[in-house]
Amino acid sequence: MTQGQGCQDAGREDLGAEGFARRRVLAGLAATAAWVPAFRIGPADAQARCAAPPDFPADLPLYQQAYENWAGDIRIEALWTCAPRAPADVVALANWAHAQGWTLRPRGSMHNWSPLTVMPGAGCQTRVVLVDTTQAFTQIELLSPLPQAAVRVQAGVYMDQLLVFLQDAGLGLAASTAPGDVTIAGVLAVDGHGTGIPARGETLARGHSLGSLSNLVLSLTAVVWDETTQAYVLRTFERSHPHSAAVLTHLGRIFVTEVTLRVGPDYMLRCQSRLDIPAAELMALPAAAGPRALSRFLDQSGRAEVIWFPFTDKPWLKVWTPTPLKPLLSRKVDGPYNYVFADSIPREVSDLADQIVSGQTAATPLFTNTELAAITTAMLATRSQDLWGHSKDLLLYVKPTTLRVTANGYAIHTRRADIQRVVGEFFAQYQAMIAAWQARGEYPINGPVEIRITQLERPGDVGIPGAQAPALSALRPRADHPDWDVAVWLDLLTFPGTPGANAFFREFEQWALQNYRGDYALVRAEWSKGWGYGEQTAWSDPDFLQRHVPDSFRDGGPRDWDWALRRLNALDPHRVFSNPLLDRLLPG
């Protein structure tokens, strides 16, 4: 298993001359992966540009390296970077940073959108050192077998590596992130999740959970401040301790070195793709919902995803169903990433993408219809509409070579009975907005909508007495709304830099906040995506950051937003593990 990380993965693939040329078109114009931040510049050479961090620990490797997030809209030519060899090295780094007035940011795969690691405009002159966990923090160990299986995972392990290890041991996860090139520590920092709620009548196997992966944590070891010694130290937080709720989803306000996770038995999974259901039928309002409404598929299988391109009338619906025996018409798969057509851009699609990101946005309807047609044709040609295999091989399906886009993201809390209402109202609003912008000759959205539905956190799933839900997980249930039991995730995707995109996202966000409220629903930010849209950029609206986000977690419960904020600030009172966005979102 090779260790891919974000945009570096694309650089390691053998695309061939023609494939690479197409990727360069999309890389330069749609922020994909031609710019590969793989170089290193040692301190002696780097000081010609920027002075090295003062009195840096001499036994730790220090160099400058480039940084680029998934969408390519945060791209920094050189940042001071260090690759510690052991957890004790991170402790030394934290105490050095505290003494020198610097900050540390954990760097995993860089597969993120929001600037929780570093802000745009940072550079080697910024008083920050990135700490790369992917080079040495890569061990996995099975600690206990079924029926109470537990696995110890170091921070830099990628999700696909973890799932391979689990499958080899007869274990698996009920839900996982679709990309495998994300580190476990990065996933836990932002409550990474898959998609799924129990089907009607379904009982999950022991050790499985359909909330975020943060809910699977049994213990977590991190570098935090110790009041007694007045220094940063390693501390392990057991899930049975009530204070652990503050660190299970922490947004990078502590530095995690390893975790122990609850896992369950592996299982066989079937994934069926549908491209024949009109969007108006799949996402109809409840009064008009028929047998092919999204909620019906959730009742039957529990696990579904909608990918819907603007200006097309039929979404790509994926439905996963636990299926012990191979169905007659299913194609058995023996590895992950089975939608090869989603990772290889046909020339006609890349040519249209080139036009759009070059400013010819009126080509958007033709582009999205051409992309959907290419997916439909390729799915039939590769017999990918009905797949069956081990859970890992159906849960992992997004590779680093897929088209890079920027995205907003929200978790809409509601009752299971209201899922169809949430989706139906979204469908009507989105259609109306797209049509209104098109009437003005504007096409700010050229990527698909992605809709997933997950169960809220159920701490009882881990089998630890006294376990609490992750306090800052977007999936933490609200104490004042025990009737809300699911979250509908809404993500809108478009090429970075598309004219009008920020204004479109802001308009949508403001509508969502007004529509999904009261006793019906609630909007929470998806930490890793775009939210808080101001007039010019995301993550800049003071009302969203300083009022709505905290209020969405304030419910009168004992471990809500303010409690978690106090705990995180106590664990890092000197803000060694922070940045300007976190200083605003999680102030001291």
Side-chain angles (χ1 to χ4, degrees), residues 52-63 79-108 116-118 122 126-137 139 152-156 183-186 188-190 214 217 219-239 241 243-260 471-472 563-583 585-588:
D55 297 323
F56 194 80
D59 58 338
L60 296 180
L62 177 68
Y63 48 91
L79 285 171
W80 290 108
T81 305
C82 177
R85 297 174 293 266
D89 292 344
V90 184
V91 173
L93 283 169
N95 285 307
W96 165 83
H98 168 45
Q100 297 296 332
W102 280 58
T103 59
L104 303 177
R105 303 306 299 141
R107 203 213 77 172
L116 295 175
T117 302
V118 291
T126 306
R127 296 168 66 88
V128 60
V129 173
L130 298 188
V131 184
D132 185 354
T133 62
T134 64
Q135 298 186 44
F137 291 64
Q139 296 180 5
R152 183 182 69 87
V153 191
Q154 287 193 310
T183 62
I184 185 62
L188 297 177
V190 294
S214 293
V217 172
S219 68
L220 177 152
T221 301
V223 178
V224 299
W225 180 254
D226 180 69
E227 278 292 332
T228 301
T229 62
Q230 290 290 291
Y232 284 88
V233 299
L234 281 172
R235 182 182 301 170
T236 296
F237 299 83
E238 300 292 342
R239 186 68 180 270
H241 196 288
H243 287 179
S244 70
V247 299
L248 301 176
T249 297
H250 54 81
L251 308 186
R253 279 292 283 118
I254 59 174
F255 193 108
V256 173
T257 60
E258 69 175 40
V259 297
T260 299
L472 296 185
W563 173 86
L565 188 61
R566 290 193 299 272
R567 290 304 309 154
L568 288 172
N569 285 334
L571 294 173
D572 180 23
H574 308 290
R575 307 194 76 83
V576 164
F577 304 115
S578 191
N579 75 3
L581 174 60
L582 290 173
D583 289 344
L585 183 66
L586 302 169

[X] to [Y] - nearest heavy-atom pair and separation:
{"X": "Ala189", "Y": "Gly252", "answer": "CB-N, 4.2 Å"}
{"X": "Ala97", "Y": "Val576", "answer": "CB-CG1, 3.9 Å"}
{"X": "Asn579", "Y": "Thr117", "answer": "ND2-O, 3.3 Å"}
{"X": "Tyr63", "Y": "Ala83", "answer": "OH-CB, 3.7 Å"}
{"X": "Val128", "Y": "Trp102", "answer": "N-CE3, 3.2 Å"}

Could you check if a side-chain atom of [X] sits within less than 4.5 angstrom of a side-chain atom of [Y], using non-hydrogen atoms only?
{"X": "Thr126", "Y": "Val118", "value": "no"}
{"X": "Leu93", "Y": "Cys82", "value": "yes"}
{"X": "Pro84", "Y": "Val131", "value": "yes"}
{"X": "Val224", "Y": "Phe237", "value": "yes"}
{"X": "Val223", "Y": "Leu234", "value": "yes"}
{"X": "Arg152", "Y": "Ser219", "value": "no"}
{"X": "Asn569", "Y": "Arg253", "value": "yes"}

Using the rule given for side-chain contact (heavy atoms from CB on, under 4.5 Å), can you reason through Leu116 versus Leu582, listing the C-alpha separation, both sets of side-chain angles and the distance that settles it, and then say yes or no?
CA-CA 7 Å; Leu116 295 175; Leu582 290 173; 3.8 Å; yes

Rounded distance [0.5 Å steps], [atom1] in [X] versus [atom2] in [Y]:
{"X": "Leu62", "Y": "Trp80", "atom1": "CG", "atom2": "CH2", "answer": "5.5 Å"}
{"X": "His574", "Y": "Trp225", "atom1": "NE2", "atom2": "CH2", "answer": "3.5 Å"}
{"X": "Arg105", "Y": "Leu130", "atom1": "CZ", "atom2": "CG", "answer": "9.0 Å"}
{"X": "Tyr232", "Y": "Asp572", "atom1": "OH", "atom2": "CG", "answer": "3.5 Å"}
{"X": "Thr257", "Y": "Asp89", "atom1": "OG1", "atom2": "CG", "answer": "11.5 Å"}
{"X": "Ser578", "Y": "Leu586", "atom1": "OG", "atom2": "CG", "answer": "7.5 Å"}

Would you please test Arg85 and Leu60 for side-chain contact (heavy atoms from CB on, under 4.5 Å) and show each step?
CA-CA 8 Å; Arg85 297 174 293 266; Leu60 296 180; 3.7 Å; yes

Please confirm whether the backbone N or O of [Y] pairs with a side-chain atom of [X], one donor and one acceptor, at under 3.5 Å?
{"X": "Ser214", "Y": "Leu188", "answer": "yes"}
{"X": "Gln154", "Y": "Gln139", "answer": "yes"}
{"X": "Trp96", "Y": "Pro54", "answer": "yes"}
{"X": "Arg127", "Y": "Gln100", "answer": "yes"}

So, Thr81 and Asp132: side-chain donor and acceptor under 3.5 Å apart, yes or no?
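On atom types as modelled, these side chains do not qualify, holding no pair under 3.5 Å.
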
Could you go step by step and tell me if His250 and Phe577 meet the side-chain contact (heavy atoms from CB on, under 4.5 Å) rule?
CA-CA 11 Å; His250 54 81; Phe577 304 115; over 6 Å; no

Decide yes or no on side-chain contact (heavy atoms from CB on, under 4.5 Å) for Arg107 and Leu79, but give the supporting numbers first.
CA-CA 11 Å; Arg107 203 213 77 172; Leu79 285 171; over 6 Å; no

